[in-house]
Amino acid sequence: MQYDVIVLGLGGVGSSAAYHLAKAGRRVLGLEQFSCAHSKGSSHGETRAIRKAYFEHPSYVPLLHSSYAAWRELEELSGSQLLFEQGLLEIGPPQGVLIKGLREACQQHQLELQDVSRNEFRKRFPNFLLPSGSEAVFEPDGGFLLVEDCVRCFCEGAKDLGAELRFNSAVSGWRVREGKVEVACGGEIVRAERLVVAAGAWSNELLCDLGFEIRILRKHLHWYRVPQGMFAGNLSSPVFFYDTPDGFYYGFPSLEFGDF
């Protein structure tokens with residue numbers, strides 16, 4: 001079969017690409033070397049933070065407006081809640097990268113950002129610390145996504161729209177021949193007009209012939225035991241983000257005791 005697009009990797013990015021391409025009427029083949037929503041890639045785990053006020057640069061904000069709308073559309077399609085707007089508590093020096101960037105993004109795009117005084121902080125967020133020299137703001141639109149559920153919903157949605165998804169199908173190589181893309185997978189050559197590479201940490205193996213290298217970074221995740229219910233989602237504990245002299249740190253409410 002001749003495909004319009006082949007997508008290599010069906011994690012958070014690849015599954016979304018497969019879904020949206022199929023939605024646009026393209027003939028899609030998705031190839032994934034592991035199972036759906038597996039534990040070996042960057043989309044593994046329960047949660048990922050989502051926010052509209054991007055401190056990195058205000059130009060991200062219009063993309064986030066579109067992203068929130070797209071997540072709600074996928075929720076309606078799948079019948080599953082994926083996005084939880086628990087709010088995002090952000091703490092850092094007033095002139096630091098985080099707080100300064102947040103204020104700039106919110107000012108340019110009229111986003112709600114609540115200043116939290118020290119007295120209010122102690123009452124409203126008793127389980128958190130506000131370091132000396134830092135200030136706190138709260139973004140009501142912030143929250144988290146159930147990331148592995150998102151991947152599953154994208155894959156199911158793509159298949160419902162006619163995409164062909166093959167799991168446990170490792171790709172050994174690809175090339176362009178006579179204006180078409182040829183991909184070697186499981187002893188078979190599959191062909192398409194276009195190729196999307198969303199292979200995460202395996203991208204260098206697939207893109208090495210293009211003459212550049214992607215730097216792969218590992219983010220360390222830690223789980224801490226806390227008193228039952230202390231940071232439970234059903235108590236409206238927010239996602240949190242700290243700008244500290246030692247780096248950025250963020251975390252999530254405990255879902256174990258929440259209503260999720």
Next item on the list: Go through the side-chain N and O atoms of Y68 and E85 and say whether any donor and acceptor fall under 3.5 Å apart.
Entry: no
When you group the ILVMFWY residues by side-chain heavy-atom contacts below 4.5 Å and let the links chain together, are [Y] and [X] in the same group?
X    : Y    : value
L31  : L161 : no
L165 : V7   : yes
L206 : F212 : yes
F248 : V239 : yes
I50  : L113 : no

So, [X] and [Y], do they make that salt bridge, N to O below 4.0 Å?
X    : Y    : value
R215 : E213 : no
R191 : E178 : no
R72  : E75  : yes

Could you grab the distance from atom [atom1] of [X] to atom [atom2] of [Y], nearest 0.5 Å is fine?
X    : Y    : atom1 : atom2 : result
S16  : K23  : OG    : NZ    : 10.0 Å
L102 : F241 : CG    : CZ    : 8.5 Å
E104 : I99  : CD    : CD1   : 13.5 Å
D141 : L64  : CG    : CG    : 10.0 Å
L29  : S169 : CG    : OG    : 8.5 Å
Y60  : R51  : OH    : CZ    : 9.5 Å

[X], [atom1]: over 12 other non-hydrogen atoms inside 6.0 angstrom:
X    : atom1 : result
E76  : CD    : no
Q107 : CD    : no
R48  : CZ    : yes

Item checked: Residues which pass side chain to side chain contact (heavy atoms under 4.5 Å, CB included) with K180, listed by chain and number, not counting sequence neighbours -> Q2, E193
Item checked: Set of side chain to side chain contact (heavy atoms under 4.5 Å, CB included) partners for I216, sequence neighbours left out -> A201, N204, I214
Next item on the list: Output the rest of the hydrophobic cluster of W202: all Ile, Leu, Val, Met, Phe, Trp and Tyr residues reachable through side-chain heavy-atom contacts under 4.5 Å, sorted by chain and number.
Entry: F34
Check: Apart from L111 itself, which Ile, Leu, Val, Met, Phe, Trp or Tyr residues share its cluster (side-chain heavy atoms under 4.5 Å, direct or through members)?
Finding: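 Hydrophobic cluster check, L111: joined to V61.
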Notebook entry, point to check: So which of V197, I6, L8 actually passes side chain to side chain contact (heavy atoms under 4.5 Å, CB included) with V171?
Noted result: L8
Next item on the list: May I ask you to check whether F144 and F84 place their ring centers less than 6.0 Å from one another?
Entry: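 Yes; F84 has its ring centre under 6.0 Å from that of F144.
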Please report the closest heavy-atom contact between [X] and [Y], naming both atoms and the distance.
X    : Y    : answer
A158 : A22  : O-CB, 4.1 Å
V196 : A17  : CG1-CB, 4.5 Å
W174 : V176 : CZ3-CG2, 3.9 Å
Y54  : A105 : O-CB, 3.5 Å
P238 : L89  : CG-CB, 3.9 Å

Checklist line | Geometric class of the F240/Y242 ring pair [parallel <30°, tilted 30-60°, perpendicular >60°] | finding: perpendicular
Next item on the list: Look only at the side chain of S117 and the backbone of E120, and say whether a donor-acceptor pair between them is shorter than 3.5 Å.
Entry: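 Between the backbone of E120 and the side chain of S117 there is a qualifying donor-acceptor contact (under 3.5 Å).
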Check: Side chains of F55 and D243: does their closest heavy-atom pair fall under 4.5 Å?
Finding: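 No, side chains not in contact.
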Note to self: For a 4.5 angstrom cut-off between non-hydrogen side-chain atoms, does F121 reach I91?
What the structure shows: yes
Next item on the list: Let me know which of E32, Q33, E188 forms a side-chain hydrogen bond (donor to acceptor under 3.5 Å, both in side chains) with R166.
Entry: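 Only match with R166 under side-chain hydrogen bond (donor to acceptor under 3.5 Å, both in side chains): E188.
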Just distance, no hydrogens or angles: give the donor-acceptor pairs under 3.5 Å from side chains in residues 129-140, sequence neighbours left out.
from, atom 1, to, atom 2, distance (Å)
E135, OE2, R103, NH2, 2.8
E139, OE2, K52, N, 2.9
E139, OE2, A53, N, 3.0

Contacts under 3.5 angstrom, residues 145-157 side chains, donor-acceptor by atom type, not counting sequence neighbours:
from, atom 1, to, atom 2, distance (Å)
E148, OE2, H44, ND1, 2.7
E148, OE2, G45, N, 2.9
D149, OD1, R152, NH1, 3.0
E156, OE2, K159, NZ, 3.2

